[in-house]
Amino acid sequence: LGVGVQELVDVEAISLPKRYLELKNRLTKTHTYGDPERIKELEGFLDEIYEHYYDGLPEEEQLLVEVVQAQLDVFTSRDYQYGLTLLEEYFQQILKKSHYSYNDLLIINLYFFCCALGLEDKSHMEQLASRVMEDIDYSDLERVYATERILVTLLINAEPEDYLTYTAVLRDIIERTNNFQHKPVVYAFEAKYYLLVKKDKEKAKALYDKAILFANMLNDEALAEEFIRESEKDLKN
């Protein structure tokens, strides 16, 4: 009818609050690495969103918040049951897709994380992992970052002989985006590969040293400490 969207919709009313966007960014970008202070901080962000913003958010944003909440609950409890409600509601739809939205990627990551914590139905892991790696859209940095997190979760699930498959994709993403947050993780899993598969303790130690050094360069003390513990445990034998 020749009527613009702006004339029908109060654009200001549907704009997302800046504070919500800030909280969302922190929630989706922060790795806790089991650090109690970081977990407490993320729980505080979620509480603030539910109290002040959730009811007024579009459906897609509400789903994002719910998925982040579920993943944090699964992580802190080490119980995959906290992720089942969302998986039961959305997972079958995702399996039919060949191109994934941002929320799809979050739910896929939730599935992989639940698998790492004991979910019995792992039958879709290989199919979804291949699709995710084939569907990287470098024009959408938010989706690329979600893909990076998926690759980290896949590494947690993977057998040592498969580590380099996923670290190679992570390396490619890092080179294309110049986002180095996951570089220490790449070094750490490559260290495990060379130790467990190639039995090359010297190479493994050098890679662990790089992981620790890079984590410190990123001012991520929790990650550096985690890799120090991992290297000491892995290399002591």
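Quick note: residue numbers are just sequence positions, from 1. Below, each value reflects all heavy atoms present in this structure, side chains not excepted, and no hydrogens, waters or symmetry copies.
Atom CD1 of residue Ile136 and atom CD1 of residue Ile173 lie 4.0 Å apart, to the nearest 0.5 angstrom. Distance check, rounded to the nearest 0.5 Å: CG of Asp35 to OG1 of Thr30 gives 11.0 Å. Taking CD of Glu230 as the start and CD of Glu225 as the end, the distance is 13.0 Å to the nearest 0.5 Å. In this structure, CG on Leu119 lies 9.5 Å from CE on Met125, to the nearest 0.5 angstrom. Rounding to the nearest 0.5 Å places CD1 of Ile94 at 7.0 Å from OG of Ser101. For the atom pair Asn216 CG and Ile228 CD1, the distance stands at 6.5 Å (nearest 0.5 Å).
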Margin query: If you apply the rule ring pair (Phe, Tyr, Trp, His ring centres under 6.0 Å), what do you find for Tyr145 with His182, and how did you get there?
Written below: CA-CA 10 Å; Tyr145 187 83; His182 294 112; 5.4 Å; yes
Next item on the list: Any chance you could lay out the side-chain contact (heavy atoms from CB on, under 4.5 Å) test for Asn25 and Glu22, step after step, and finish with the verdict?
Entry: CA-CA 5 Å; Asn25 185 62; Glu22 178 186 347; 5.8 Å; no
Notebook entry, point to check: Please walk me through it: do Tyr208 and Tyr187 pass ring pair (Phe, Tyr, Trp, His ring centres under 6.0 Å)?
Noted result: CA-CA 6 Å; Tyr208 261 129; Tyr187 286 134; over 10 Å; no
Next item on the list: Apply side-chain contact (heavy atoms from CB on, under 4.5 Å) to Leu105 and Asn109, showing your working.
Entry: CA-CA 6 Å; Leu105 292 173; Asn109 194 41; over 6 Å; no
Next item on the list: Check step by step if salt bridge (Lys or Arg N to Asp or Glu O under 4.0 Å) holds for Glu142 and Lys29.
Entry: CA-CA 10 Å; Glu142 292 299 313; Lys29 296 293 194 302; 3.0 Å; yes
Margin query: salt bridge (Lys or Arg N to Asp or Glu O under 4.0 Å) for Arg229 and Glu226? Distances and angles first, verdict last.
Written below: CA-CA 5 Å; Arg229 288 191 292 269; Glu226 176 65 22; 2.8 Å; yes
Check: Are Val185 and Phe227 close enough, and set up right, to give a side-chain contact (heavy atoms from CB on, under 4.5 Å), and what steps lead you there?
Finding: CA-CA 9 Å; Val185 175; Phe227 288 151; 4.3 Å; yes
Next item on the list: Determine, step by step, whether Arg143 and Glu148 satisfy the salt bridge (Lys or Arg N to Asp or Glu O under 4.0 Å) criterion, reporting the C-alpha distance in whole Å, the side-chain angles of both residues, the deciding distance to 0.1 Å, and the verdict.
Entry: CA-CA 9 Å; Arg143 288 179 68 247; Glu148 287 185 76; over 6 Å; no
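Around NZ of Lys183, the count of heavy atoms belonging to other residues, nucleotides or ligands within 6.0 Å exceeds 12. Few gaps surround NZ on Lys201; more than 12 heavy atoms of other groups in view lie less than 6.0 Å from it. Within a 6.0 Å sphere centred on CD of Gln127, heavy atoms belonging to other residues, nucleotides or ligands number more than 12. More than 12 non-hydrogen atoms from other residues, nucleotides or ligands lie less than 6.0 angstrom from CD of Glu48. No more than 12 heavy atoms of other residues, nucleotides or ligands sit less than 6.0 Å from atom OH of Tyr82.
Contact record, Asp79 with Leu117: N-CD1, 4.4 Å, taken as the closest heavy-atom pair. Between Tyr100 and Arg131, the shortest heavy-atom distance links the atoms OH-CD, 2.9 Å. Residues Gln69 and Tyr50 share a closest heavy-atom pair of OE1-CE1, 3.2 Å. Considering all non-hydrogen atoms of both residues, Ser123 and Asp121 come closest at OG-OD1, 2.6 Å. Across every non-hydrogen atom of His124 and Tyr111, the tightest pair is N-OH, 3.4 Å. Asp55 and Gln62 get closest at one heavy-atom pair: O-NE2, 3.9 Å.
Put simply, the side chain of Asp137 does not reach to within 4.5 Å of the side chain of Val144, judged on heavy atoms. Side-chain atoms of Ile212 and Leu223, non-hydrogen and from C-beta on, never get closer than 4.5 Å to each other. Taking the side chain as every heavy atom from C-beta outward, Glu43 and Leu46 never approach each other to under 4.5 Å. A 4.5 Å side-chain heavy-atom check between Ile174 and Asn179 finds every atom pair outside the cut-off. Side-chain contact between Pro58 and Leu16 is present, with heavy atoms from C-beta onward closer than 4.5 Å. Two residues are said to be in side-chain contact when any heavy atoms from C-beta on lie closer than 4.5 Å; Met133 and Leu151 meet this criterion. Residues Leu110 and Val74 are in side-chain contact: their nearest non-hydrogen atoms beyond the backbone lie under 4.5 Å apart. The side-chain heavy atoms of Leu128 and Phe112, taken from C-beta on, include a pair separated by under 4.5 Å.
Taking the ring centre of Tyr138 as origin, the terminal cationic atom of Arg176 falls inside the region bounded by 6.0 Å and 45° from the ring axis. Figure legend: cation-pi geometry between Arg78 and Phe75, with NZ or CZ positioned under 6.0 Å from the six-membered ring centre and within 45° of its axis.
No path of Ile, Leu, Val, Met, Phe, Trp and Tyr side chains, each step under 4.5 Å between heavy atoms, connects Val169 with Leu141, placing them in separate hydrophobic clusters. Hydrophobic clustering places Phe113 together with Tyr102 (ILVMFWY residues linked when any side-chain heavy atoms are closer than 4.5 Å, directly or through intermediates). Under a hydrophobic-cluster definition in which Ile, Leu, Val, Met, Phe, Trp and Tyr are linked whenever side-chain heavy atoms come within less than 4.5 Å, directly or via other members, Ile156 and Leu195 are assigned to different clusters.
Within the structure, the side chain to side chain donor-acceptor pair (under 3.5 Å) test picks out the following pairs touching residues 90-99 (sequence neighbours left out): Lys97-Asp104, His99-Asp135.
Side chain of Lys199 to main chain of Leu196: a donor-acceptor pair is present (N/O by atom type, distance under 3.5 Å, no hydrogens or angles). Judged by distance alone, the side chain of Arg38 and the main-chain N or O of His31 form a donor-acceptor pair under 3.5 Å. At least one donor-acceptor pair under 3.5 Å links the side chain of Asn157 to the backbone N or O of Thr153. No donor-acceptor distance shorter than 3.5 angstrom exists from the side chain of Arg19 to the backbone of Ile49, with no hydrogens or angles considered. Between the side chain of Asn103 and the backbone N or O of Glu60 there is at least one donor-acceptor pair closer than 3.5 Å.
Salt-bridge check for Glu41 with Arg26: passed, with a basic side-chain N closer than 4.0 Å to an acidic carboxylate O.
Checked by atom type, the side-chain pair Tyr20/Glu61 shows a donor-acceptor distance below 3.5 Å.
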